[in-house]
Each structure stands twice: as C-alpha cells, then as structure tokens.
Amino acid sequence: MENKQVSSNFIKNIIIEDLESGKHKKILTRFPPEPNGYLHIGHAKSIVLNFDLADEFKGLTNVRFDDTNPVKEDTEYVESIKEDVEWLGYKWDGLYFASDYFEEMYNRAVLLIKKGKAYVCELSANEIRETRGTLNRPGQESPYHSRSVEENLDLFTRMRSGEFPDGEKVLRAKIDMASPNLNMRDPVIYRIAHASHHNTGDKWCIYPMYDYAHPIEDAVEGITHSICTLEFEDHRPLYDWVIRECEMECQPRQIEFARLNMTNTVMSKRKLKLLVDEGVVDGWDDPRMPTISGLRRRGYTPEAMRSFVREIGVAKGNSIVDAQMLEHFVREDLKLKAPRTMAVIKPLKVIITNYPEGQVEWLDAENNPENPAMGVRKIPFSREIYVEQDDFMEDPPPKYFRLFPGNEVRLKNAYFIKCNEVIKDEQGQVTELRCTYDPETKSGTDFTGRKVKGTIHWVEAAHALPAEFRLYEPLILDEQEEADEPEGEEAVETGTGTSADFLDHINPNSLEILQGFIEPNMAGVKPQDKFQFFRYGYFNVDVRLTSPEKPVFNRIVSLKSSFKL
RNA sequence: UGGGGCGUAGCCAAGUUGGUAAGGCAACGGACUUUGACUCCGUCAUGCGUUGGUUCGAGUCCAGCCGCCCCAGCCA
C-alpha cells in the first residue's frame with residue numbers, strides 16, 4: 001500500500017506551526033516550472049512535496065509556469081509539463097502563467113519608482129558587473145542611481161513602448177551597493193528583450209527578472225509557503241524586499257530544500273538537452289533519460305515514483321541518493337500488479353529427444369503466484385523449446401545449478417529435463433542442447449521422487465512469438481575513486497564542465513538490443529503493458545518501437561540476484 | 001580573506017522543551033522456495049565532523065576549530 005503521509009521534515013514542521021499559531025488557516029503551495037525543458041525525477045520531488053504537503057493539511061497547489069524569459073521558453077514544454085504532473089497523479093487548483101501577471105508587475109514597478117526604490121540604469125551589462133564589486137569588496141553606486149522620479153517614470157514608460165534596443169537600459173531596484181549579499185546590490189529587475197513570448201506574443205518588450213517576478217507571482221496567488229531549492233537561500237532577503245516594497249498584501253514565506261541528486265544520473269536540464277540535441281538519445285523520453293517522460297516510457301509507475309520521493313525525505317543538506325532506491329520501489333509496486341510470464345532473451349534451442357515428435361500439450365501456468373486473483377493461463381510444451389543461453393554452462397563452477405552436461409533441472413511449469421548432449425558449430429559455439437525429460441515430474445503432480453536444485457524458464461519453439469528486448473545501463477557512470485588521477489588539472493572541472501567533456505563520458509553500453517521469444521498468449525500486448533519475465537526482470541512494452549508484428553520490451557529493472565558466477 | 005547554508009551508519013534520513021540514537025535502501029548471515037526472486041528471522045552508530053565547556057545527564061545548550069555546498073546572469 002502506498003503511504004501518502006509525508007514523513008517528518010522541517011517544512012512540514014513549519015506548516016504545522018503556522019497552522020497551530022493561526023498564522024494561516026489554509027495552506028496554498030505551488031509548483032513553478034520554467035517551460036524551457038522537460039521535467040525530470042528531481043522535479044518529481046518538488047511536485048510530490050508541494051502537492052502532498054498541501055493535501056495533508058487540506059490545502060491546495062497551483063501549477064504556475066515561470067515564463068519570464070521568452071528566448072528560452074516554448075509551448076512544447078508547457079504541454080509536456082502538464083502531462084507529466086497529471087501522470088504523476090496530481091490535480092492542480094489553479095493553472096497559471098507568470099506572464100498572466102505582467103501588467104501587475106509593471107504597475108508594481110511603477111510604484112517602486114514613485115517611492116524612489118527603483119531607477120532606470122544605462123550602464124552596459126559589463127559595466128554593471130564591474131561596478132557590482134566582489135565577494136569581499138562592496139560595489140559602486142551607478143551614476144544613474146539618483147535620477148528624479150519623473151525621469152525614471154518617463155524612461156521606464158519608453159522602455160515599455162519599445163523605444164530602446166535590447167540591453168540599452170534596465171530597471172534596477174535601489175537597495176544597497178555595499179550589501180554583503182550580492183543579490184541586494186541594486187539588482188536588475190527589468191530588462192529589454194524584443195523577443196516574442198510563447199504566451200503574450202509581441203505585447204511586451206521588457207521582461208521582469210526572476211527575483212522581482214517570483215515573489216509577486218506568489219503573493220498575487222496567495223501562496224502561503226513558497227518552496228524552492230537551496231541556491232535561492234541568498235535571494236530570500238530580496239524576495240522579502242520585493243513583497244514589502246511592492247506593498248503586496250499577501251506575504252508568502254520562501255523555504256528552501258536540497259534538490260535531488262542520484263548516483264549515475266544527470267540532473268541538469270542543460271545536459272539533458274545536450275543529450276537530446278546531440279542525438280545521444282532518442283529524445284526527451286528515451287528510456288534511459290531521468291525525465292518523467294523517459295521513466296514513464298521505460299516503465300516506471302507513478303506509484304513507484306511517489307513512494308520513492310516520499311521515502312528519500314526532504315532536508316537542507318546536499319546529498320546523493322542511491323539509484324537503487326528508485327529501483328526498489330518499482331519492483332515493490334509491480335510485484336503484485338505485473339503478470340509473470342516467460343520470455344527467452346538470448347535463445348538456445350533444446351531438443352527433448354524422448355518427447356514424441358509432433359505432440360503438443362498445454363500446461364497450466366499461474367499468472368502471478370503471489371497474486372492468485374490474476375488467474376491461470378495455458379502454455380504449450382513440445383519436443384523443441386528455447387532456454388536462456390545464460391542458463392547453460394558446459395564447464396560450470398561449483399554451486400552452478402542450472403543446465404550442464406549430466407545435470408537435471410526443472411522447467412518452470414513443465415518437467416524435469418536432463419542435459420545429455422551439447423551440439424556446437426565449427427567455431428565451437430554451443431548451438432543446441434539434447435535433453436531428455438521425465439514424464440513423472442510434470443508440474444502440478446506433486447512429484448517428490450527427487451529434488452532438483454535449479455528451475456529455469458523456457459518458451460516452446462513452434463508457438464514462440466518473436467520479440468525485441470532492450471536492456472539498459474546508466475547513461476553516465478559515476479567517477480570512480482580517481483585513484484591515481486593527477487590532481488590539479490583545472491580542465492577536468494566537473495559540474496560546469498564543457499559539453500565535449502560531458503559527452504565523452506557517456507556509457508557506451510547504456511543500451512543493449514536483443515532478439516528473443518515470448519509465449520504465444522502474449523500476442524497483442526499494448527504499449528505500456530508491464531510484465532515480470534520470469535527470472536529476468538520487469539519489462540514494459542515500448543510505446544514508440546512496438547509494431548503489430550513484433551513487440552519491443554524495455555527492461556524497467558532486473559530482479560535482484562544473489563547469484564554470483 | 002565577505003555573505004548564506006550544511007555536517008547523525010556505505011547511501012537517504014528522523015530526532016518538538018537536554019533524559020540515554022526511528023525508519024528506508026544497500027550489505028551480510030540463516031529459514032523457506034517450481035523465480036539464485038518474493039517472504040520471514042537475525043546482524044549492521046557505547047556513537048551523532050572535531051576539541052573543550054555547562055549539566056546528575058548533551059546529537060540536542062555554549063565556545064573554538066575542521067570539512068563540504070551556494071552566491072559576483074540584463075538565466076531561473
């Protein structure tokens with residue numbers, strides 16, 4: 001059962017306090033993506049956090065697109081984001097756009113100017129940077145800092161009307177060029193950009209900056225708790241300044257938490273976009289991508305993703321979650337939901353020499369032994385079957401209890417077979433096995449004559465259906481303990497590393513495509529159908545590659561195994 | 001060397017006013033097994049970055065060190 005309670009965390013504690021003290025009667029949170037890319041598992045953490053928190057205290061959550069930078073944003077992204085949020089299982093209260101509030105923001109900026117709290121600055125971007133000061137040196141006041149209110153009003157109006165080219169002027173908040181917090185050194189709050197906006201078209205040529213826009217968006221909607229990531233902690237004084245100086249009646253509280261990082265996972269929109277643009281992957285929804293659409297196509301379920309996010313918790317320390325946790329939660333979710341069938345991924349033909357030629361019998365097989373409600377199906381058995389190549393070794397190590405010359409194993413749902421002969425080609429490759437079966441050992445007859453150590457899966461050859469299987473490994477491998485790597489090579493700087501550097505470290509084995517067989521009763525599987533292939537893992541029918549002739553299965557995750565060769 | 005944060009097991013993470021270290025993942029034993037899966041049972045911090053201090057008692061309070069992350073976009 002899915003546990004919907006948010007486990008104890010500092011944000012929840014704040015909300016409880018605010019409710020108990022009467023500061024708020026009702027909670028309103030928001031998920032504020034910028035529509036400049038697809039959502040990934042890290043966003044899922046924020047989505048689940050915001051919606052669950054509101055839910056738990058009978059509050060609501062808005063989805064608001066933070067679309068204040070027209071040159072990066074696109075409706076393709078807003079559509080995918082809406083789809084992903086819904087797929088995760090959440091219903092927003094309001095669906096808004098920051099661009100809905102442009103007029104409001106403009107009016108508040110005029111108010112700032114009238115109060116002498118903002119001014120139009122004509123310094124170039126370079127000059128602004130140069131006069132900002134450094135981490136330990138204060139900045140210098142802009143020569144435009146003390147313009148009259150009238151002049152500022154006039155200039156700002158003309159900025160809006162399109163009189164000036166991009167970059168020529170900006171509107172700056174007048175705060176404190178000597179503040180130890182660089183964000184307070186007269187931050188730019190409006191810039192000129194003659195770019196058409198996905199929502200407002202060419203109505204505007206000035207656009208508000210995040211630090212100015214976001215608090216207003218929150219306040220206008222009446223957000224009580226504005227949850228964002230750690231890097232905005234330094235921006236909070238500015239957030240509060242805007243709320244106060246713009247005289248917003250509602251005063252949301254910004255709270256920061258650590259974003260999600262996972263082992264072997266790229267979590268940067270920039271890098272993910274690079275993988276898509278460079279064709280390293282199939283698209284934003286490539287099953288190897290940590291995007292919500294990629295995980296969906298891979299076969300992850302919303303339930304598993306929610307459970308995962310709830311379990312990892314929320315805190316303020318940077319951390320890296322083991323990707324195995326995510327895997328754990330899909331296995332758990334699919335355990336009772338997915339039918340268990342047999343598929344042979346790397347086929348090896350087996351002839352059962354003492355089984356009558358031309359005979360076919362239909363055996364019973366449970367669809368999910370742990371969930372009897374899923375019923376029983378019939379599977380064919382005959383003289384020719386396929387087994388897994390990995391289930392045979394000519395010269396096995398001790399403790400190997402699959403097939404090898406002279407050894408007897410159980411065929412799941414069928415009979416015991418014993419390997420008598422190994423057929424090879426000229427290269428010495430094993431191409432076929434000759435075995436004998438024991439009719440006494442038929443499944444369901446409770447045969448107790450002798451025990452066998454191994455049970456392997458198989459598919460009857462004549463009725464087998466061809467299928468493609470795609471096995472995945474992480475797209476990138478985490479850096480090994482850079483053992484004797486010489487230290488001090490500035491160029492190998494990670495994080496902000498160059499694109500070429502990042503692309504060089506892609507795992508060449510992230511995708512393995514195999515052709516094998518599935519049981520005949522699996523004809524007609526539909527995209528997104530999920531199965532446990534006996535002993536091989538959980539698989540999902542691919543939405544894009546599956547054809548009527550041949551289904552393509554993405555391995556979601558393997559089964560755990562304590563078997564070591 | 002300015003400012004803002006963070007340090008509890010291999011990983012994530014609880015720990016309300018000081019009262020004797022939750023839970024999950026992983027790992028490792030064992031039982032069971034027609035999935036080397038699942039399930040079940042057991043093990044896994046005399047210890048909470050570190051050093052001192054206050055106290056009958058400190059992960060929780062105080063002081064000092066050490067380490068890590070973030071900030072100098074007209075990105076969000």
Side-chain angles (χ1 to χ4, degrees), chain A residues 7-9 13 16-17 32-34 36 66-69 71-73 121 123-126 128-130 132-139 166-172 179-185 187-193 207 209-211 213-214 228-237 256 258 260 262-263 269 307-308 310-329 331-332 335-336 340 342 366 369-370 399-402 409-414 416 441 443-444 452-457 532-537 558-564:
Chain A
S7 57
S8 176
N9 67 59
N13 292 341
I16 291 171
E17 273 174 41
E34 183 189 12
N36 68 343
D66 213 347
D67 55 352
T68 57
N69 185 3
V71 310
K72 291 189 174 176
E73 296 148 7
C121 182
L123 256 21
S124 69
N126 267 338
I128 287 181
R129 180 169 6 96
E130 283 159 7
R132 181 152 31 223
T134 66
L135 294 181
N136 27 243
R137 207 180 302 279
D166 291 4
E168 193 178 285
K169 291 177 174 55
V170 292
L171 183 69
R172 290 228 252 172
S179 171
N181 181 344
L182 303 242
N183 296 122
M184 302 298 270
R185 319 242 261 228
V188 171
I189 59 176
Y190 263 96
R191 78 286 217 181
I192 299 172
Y207 292 93
M209 300 289 289
Y210 170 88
D211 282 324
H214 208 84
C228 64
T229 44
L230 250 29
E231 67 272 24
F232 292 106
E233 209 147 16
D234 284 342
H235 297 238
R236 196 169 61 225
E256 312 83 13
L260 171 66
M262 282 204 295
T263 55
K269 269 193 199 173
S307 299
F308 165 74
R310 287 169 186 147
E311 194 56 46
I312 58 175
V314 182
K316 295 195 68 165
N318 292 111
S319 60
I320 304 174
V321 175
D322 193 331
Q324 285 184 108
M325 273 231 212
L326 218 208
E327 299 188 339
H328 164 80
F329 286 101
R331 289 194 191 100
E332 184 183 83
K335 185 168 61 193
L336 301 181
R340 301 181 187 183
M342 297 195 281
E366 288 175 292
E370 292 189 73
K399 292 276 179 62
Y400 183 84
F401 39 83
R402 277 113 98 146
V409 300
R410 180 196 301 273
L411 291 179
K412 173 78 178 168
N413 294 128
F416 286 10
T441 60
S443 282
V452 102
K453 278 294 259 266
T455 297
I456 65 172
H457 59 277
Q532 183 199 110
F533 288 146
F534 207 70
R535 301 204 310 140
Y536 234 94
S558 64
L559 257 24
K560 293 213 323 179
S561 172
S562 57
F563 174 65
K564 286 162 194 96

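First the proteins, then the strands, lettered A, B, ... as listed; each starts at 1.
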Asker: Taking only N and O in the side chain of Lys316(A), is any of them less than 4.0 Å away from OP1 or OP2 of rC68(B)?
Answerer: no
Asker: I'd like a list of close polar pairs between nucleotides 74-76 of chain B and the protein, N/O only, cut-off under 3.5 Å.
Answerer:
{"unit_1": "rC74(B)", "atom_1": "OP1", "unit_2": "Arg132(A)", "atom_2": "NH2", "d": "3.4"}
{"unit_1": "rC74(B)", "atom_1": "OP2", "unit_2": "Arg132(A)", "atom_2": "NH1", "d": "3.3"}
{"unit_1": "rC74(B)", "atom_1": "N3", "unit_2": "Gly167(A)", "atom_2": "O", "d": "3.4"}
{"unit_1": "rC74(B)", "atom_1": "N4", "unit_2": "Leu123(A)", "atom_2": "O", "d": "2.9"}
{"unit_1": "rC74(B)", "atom_1": "N4", "unit_2": "Ala125(A)", "atom_2": "N", "d": "3.1"}
{"unit_1": "rC74(B)", "atom_1": "N4", "unit_2": "Gly167(A)", "atom_2": "O", "d": "3.1"}
{"unit_1": "rC75(B)", "atom_1": "OP2", "unit_2": "Arg191(A)", "atom_2": "NE", "d": "3.1"}
{"unit_1": "rC75(B)", "atom_1": "OP2", "unit_2": "Arg191(A)", "atom_2": "NH2", "d": "3.0"}
{"unit_1": "rC75(B)", "atom_1": "O3'", "unit_2": "Arg191(A)", "atom_2": "NH2", "d": "3.2"}
{"unit_1": "rC75(B)", "atom_1": "O2'", "unit_2": "Asn69(A)", "atom_2": "ND2", "d": "3.1"}
{"unit_1": "rA76(B)", "atom_1": "OP1", "unit_2": "Thr68(A)", "atom_2": "OG1", "d": "2.7"}
{"unit_1": "rA76(B)", "atom_1": "OP1", "unit_2": "Arg191(A)", "atom_2": "NH1", "d": "3.3"}
{"unit_1": "rA76(B)", "atom_1": "OP1", "unit_2": "Arg191(A)", "atom_2": "NH2", "d": "2.9"}
{"unit_1": "rA76(B)", "atom_1": "OP2", "unit_2": "Tyr210(A)", "atom_2": "N", "d": "3.0"}
{"unit_1": "rA76(B)", "atom_1": "O3'", "unit_2": "Asp66(A)", "atom_2": "OD2", "d": "3.1"}

Asker: CZ of Arg172(A) to CE of Met209(A): how many Å apart, nearest 0.5 Å?
Answerer: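 Rounded to the nearest 0.5 Å, the CZ-CE separation comes out at 11.5 Å.
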Asker: Assign Phe533(A) to base, sugar-phosphate, or nothing according to its heavy-atom contacts below 4.0 angstrom with the strands shown.
Answerer: nothing
Asker: Defining pairs by Watson-Crick or G-U wobble geometry with both distances under 3.5 Å, how would you list the stems of RNA chain B with at least three pairs each?
Answerer: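 B:2-7 with B:66-71, B:10-12 with B:23-25, B:27-31 with B:39-43, B:49-53 with B:61-65 - these are the stems of 3 or more pairs that involve RNA chain B.
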Asker: How is Thr134(A) classified with respect to the nucleic acid when contacts are heavy atoms under 4.0 Å: base, sugar-phosphate, or nothing?
Answerer: base
Asker: By nearest heavy atom, map Phe401(A) and Asp322(A) onto RNA chain B; which one lands nearer the 5' end?
Answerer: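 In this pair, the answer is Asp322(A).
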Asker: Compare side-chain N and O positions of Ser8(A) against OP1 and OP2 of rG15(B) and report whether any pair is under 4.0 Å apart.
Answerer: yes
Asker: Phosphate oxygens OP1/OP2 of rU39(B): is one of them under 4.0 Å from a side-chain N or O of Lys560(A)?
Answerer: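 Answer is no, no contact under 4.0 Å.
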Asker: Could you tell me if Arg535(A) sits above the aromatic ring of Phe563(A), with its cationic atom closer than 6.0 Å to the ring centre and no more than 45 degrees from the axis?
Answerer: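 So Arg535(A) doesn't make the cation-pi contact.
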Asker: Which of the following nucleotides, rG23(B), rC71(B), rA14(B), is nearest to the side chain of Glu311(A)?
Answerer: rG23(B)
Asker: When you compare rA21(B) with rU54(B), how far apart are their P atoms, in angstrom units rounded to a whole number?
Answerer: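 rA21(B) and rU54(B) have their P atoms separated by 24 Å.
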Asker: Quick one: is Ser319(A) getting a side-chain N or O under 4.0 Å of the rC11(B) phosphate, OP1 or OP2?
Answerer: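 For Ser319(A), the contact criterion (side-chain N or O under 4.0 Å from OP1 or OP2 of rC11(B)) is not met.
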Asker: Could you tell me whether the phosphate oxygens of rG36(B), OP1 or OP2, come under 4.0 Å of any side-chain nitrogen or oxygen in Arg535(A)?
Answerer: yes
Asker: Which part of the nucleic acid, if any, lies within contact of Arg137(A), taking any heavy atom under 4.0 Å across all strands shown: a base, the sugar-phosphate backbone alone, or nothing?
Answerer: nothing
Asker: Looking at Lys269(A) and Glu34(A), is there a salt bridge between them, counting it only when a charged N and a carboxylate O are closer than 4.0 Å?
Answerer: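 Salt bridge flag = no for Lys269(A) with Glu34(A).
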Asker: Measuring from atom CD1 of Ile456(A) to atom NZ of Lys412(A), what distance do you get when rounded to the nearest 0.5 angstrom?
Answerer: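 Those atoms lie 13.0 Å apart.
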Asker: Tell me what Ser443(A) touches on the nucleic acid: a base, only sugar-phosphate, or nothing, going by heavy atoms under 4.0 Å.
Answerer: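 Since a base atom lies under 4.0 Å of Ser443(A), the category is base.
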Asker: With rounding to the nearest 0.5 angstrom, report the CG to CD1 distance, Leu171(A) to Ile192(A).
Answerer: 10.0 Å
Asker: With rounding to the closest Å, how many angstrom separate the P atoms on rA9(B) and rG3(B)?
Answerer: 29 Å
Asker: Once you apply a heavy-atom cut-off of 4.0 Å, does Asn413(A) come out as touching a base, just sugar-phosphate, or nothing?
Answerer: base
Asker: Syn or anti for rG73(B), given that syn means the glycosidic angle lies within 90° of 0?
Answerer: syn
Asker: Please classify the nucleic acid contact of Gly537(A) as base, sugar-phosphate, or nothing, using heavy-atom distances under 4.0 Å.
Answerer: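 Counting heavy atoms under 4.0 Å across all strands, no contact is made by Gly537(A).
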Asker: Just how far is it from atom CZ of Arg236(A) to atom CG of Asn183(A), taken to the nearest 0.5 Å?
Answerer: 12.0 Å
Asker: Using a 6.0 Å cut-off, check whether atom CG of Leu230(A) has over 12 heavy atoms from anything other than its own residue.
Answerer: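 Yes, the 6.0 Å shell around CG holds more than 12 heavy atoms from other groups.
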Asker: State whether the side chain of Glu332(A) and the backbone N or O of His328(A) hold a donor-acceptor pair below 3.5 Å, judged by distance alone.
Answerer: no
Asker: Side chain of Asp234(A), heavy atoms from C-beta onward: which of rC70(B), rC12(B), rC38(B) has the nearest atom to it?
Answerer: rC70(B)
Asker: Using atom P of each nucleotide, how far apart are rU50(B) and rG67(B) to the nearest Å?
Answerer: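 Rounded to whole Å, the distance is 15 Å.
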Asker: Tell me what Glu17(A) touches on the nucleic acid: a base, only sugar-phosphate, or nothing, going by heavy atoms under 4.0 Å.
Answerer: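 No contact.
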Asker: Base, sugar-phosphate, or nothing for Leu230(A), non-hydrogen atoms under 4.0 angstrom?
Answerer: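 The answer is nothing, as Leu230(A) stays clear of every strand by at least 4.0 Å.
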Asker: Under 4.0 Å between any heavy atoms, over every strand shown, what does Val452(A) touch: base, sugar-phosphate, or nothing? Just pick one.
Answerer: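 If one applies the 4.0 Å heavy-atom cut-off, Val452(A) turns out to touch nothing in the nucleic acid.
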Asker: Nearest of rG36(B), rC11(B), rG3(B) to any side-chain atom of Phe563(A)?
Answerer: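 Ranking rG36(B), rC11(B), rG3(B) by closest atom to the Phe563(A) side chain puts rG36(B) first.
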